[in-house]
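Here, residue 1 is the first one in the sequence, and each next residue gets the next number. Small disclaimer: the values here were computed from a predicted structure and weren't measured. Just the heavy atoms: all of them, side chains too, but no hydrogens, waters or symmetry mates, feed the values below.
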Amino acid sequence: MKETQMDINPVCWFEIYVQDMARATAFYETVLDVQLETLPAPSDDIELMAFPMSMDRPGAAGALTKMDGIQPGGNSTLVYFACDDCATQASRIQGAGGRVQKPKTSIGPYGFMVLAVDTEGNMFGLHSQK
């Protein structure tokens, strides 16, 4: 049976818009304990720092994005990062310059979630099964 677009998860990419790329990169590297990499931009008015990704694995890839004319914060996009235990990443948020909006909360059979705000004013989520 041939797989169609509707047979896979709908999100294939995400961008988190930032004002200060160095500050935002340090925040996400600290909280998620990952190393972001510079991603070649399609034009001079865009700066991208990619989260670790593998194009042959499931799940959405994405990047921090600084683009002329686009301001971070106050948007309606919410990205959830997968974690082994979201409390671990949540414990790093305040020290990295962000704030926890909603501490680790059970979402029943779907696991647990944390809502937080990064250094740029963007809300994001952390998700884990334990």
Side-chain angles (χ1 to χ4, degrees):
M1 178 180 212
K2 184 178 177 186
E3 187 176 82
T4 68
Q5 186 63 36
M6 297 307 292
D7 292 329
I8 61 175
N9 290 325
V11 176
C12 65
W13 179 257
F14 65 86
E15 292 179 342
I16 300 173
Y17 287 90
V18 304
Q19 186 68 38
D20 184 322
M21 184 61 80
R23 178 178 65 197
T25 298
F27 176 82
Y28 282 100
E29 286 181 340
T30 299
V31 170
L32 298 175
D33 194 24
V34 297
Q35 185 71 40
L36 277 65
E37 295 184 21
T38 301
L39 191 64
S43 65
D44 291 339
D45 66 336
I46 301 173
E47 184 180 352
L48 299 163
M49 289 296 290
F51 289 89
M53 64 178 134
S54 175
M55 298 310 285
D56 61 345
R57 295 183 61 203
L64 299 178
T65 305
K66 183 176 180 182
M67 184 184 305
D68 291 346
I70 305 292
Q71 294 298 315
N75 56 35
S76 60
T77 301
L78 189 59
V79 174
Y80 281 84
F81 292 96
C83 308
D84 286 330
D85 181 347
C86 58
T88 302
Q89 285 75 13
S91 72
R92 301 177 186 144
I93 290 169
Q94 187 172 358
R99 67 180 164 81
V100 174
Q101 180 75 24
K102 184 175 187 69
K104 185 176 178 180
T105 302
S106 173
I107 50 176
Y110 304 106
F112 298 87
M113 53 83 75
V114 169
L115 292 178
V117 178
D118 71 10
T119 56
E120 308 303 296
N122 296 304
M123 186 173 293
F124 67 98
L126 301 168
H127 176 266
S128 63
Q129 289 298 322
K130 61 179 179 177

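In this structure, Val18 and Arg23 have side chains that are not in contact, with every pair of non-hydrogen atoms separated by 4.5 Å or more. Put simply, the side chain of Glu15 does not reach to within 4.5 Å of the side chain of Ile46, judged on heavy atoms. Side-chain contact between Ile93 and Leu126 is present, with heavy atoms from C-beta onward closer than 4.5 Å. Side-chain contact between Leu78 and Met123 is present, with at least one heavy-atom pair separated by less than 4.5 Å. Residues Met49 and Thr38 meet the side-chain proximity criterion, which asks for heavy atoms closer than 4.5 Å.
Within a 6.0 Å sphere centred on CD of Gln129, other residues, nucleotides and ligands contribute more than 12 heavy atoms.
Residues Thr119 and Gly98 approach most closely at CG2-N, 4.4 Å, considering heavy atoms.
Ring geometry, Phe81 versus Phe51: the interplanar angle falls from 30° to 60°, so the pair is classed tilted.
Taken together through direct or relayed side-chain contacts under 4.5 Å among Ile, Leu, Val, Met, Phe, Trp and Tyr, Phe124 and Met21 form part of one hydrophobic cluster. Trp13 and Leu64 fall into different hydrophobic clusters, where Ile, Leu, Val, Met, Phe, Trp and Tyr are joined by side-chain heavy atoms under 4.5 Å apart, directly or via other members. Two different hydrophobic clusters hold Tyr17 and Phe27 under the rule that ILVMFWY side chains link at heavy-atom gaps under 4.5 Å. Linking ILVMFWY residues whenever their side-chain heavy atoms come closer than 4.5 Å, directly or via other members, places Tyr80 and Val117 in the same cluster. Hydrophobic clustering (side-chain heavy atoms under 4.5 Å, transitive across Ile, Leu, Val, Met, Phe, Trp, Tyr) groups Phe14 together with Val34.
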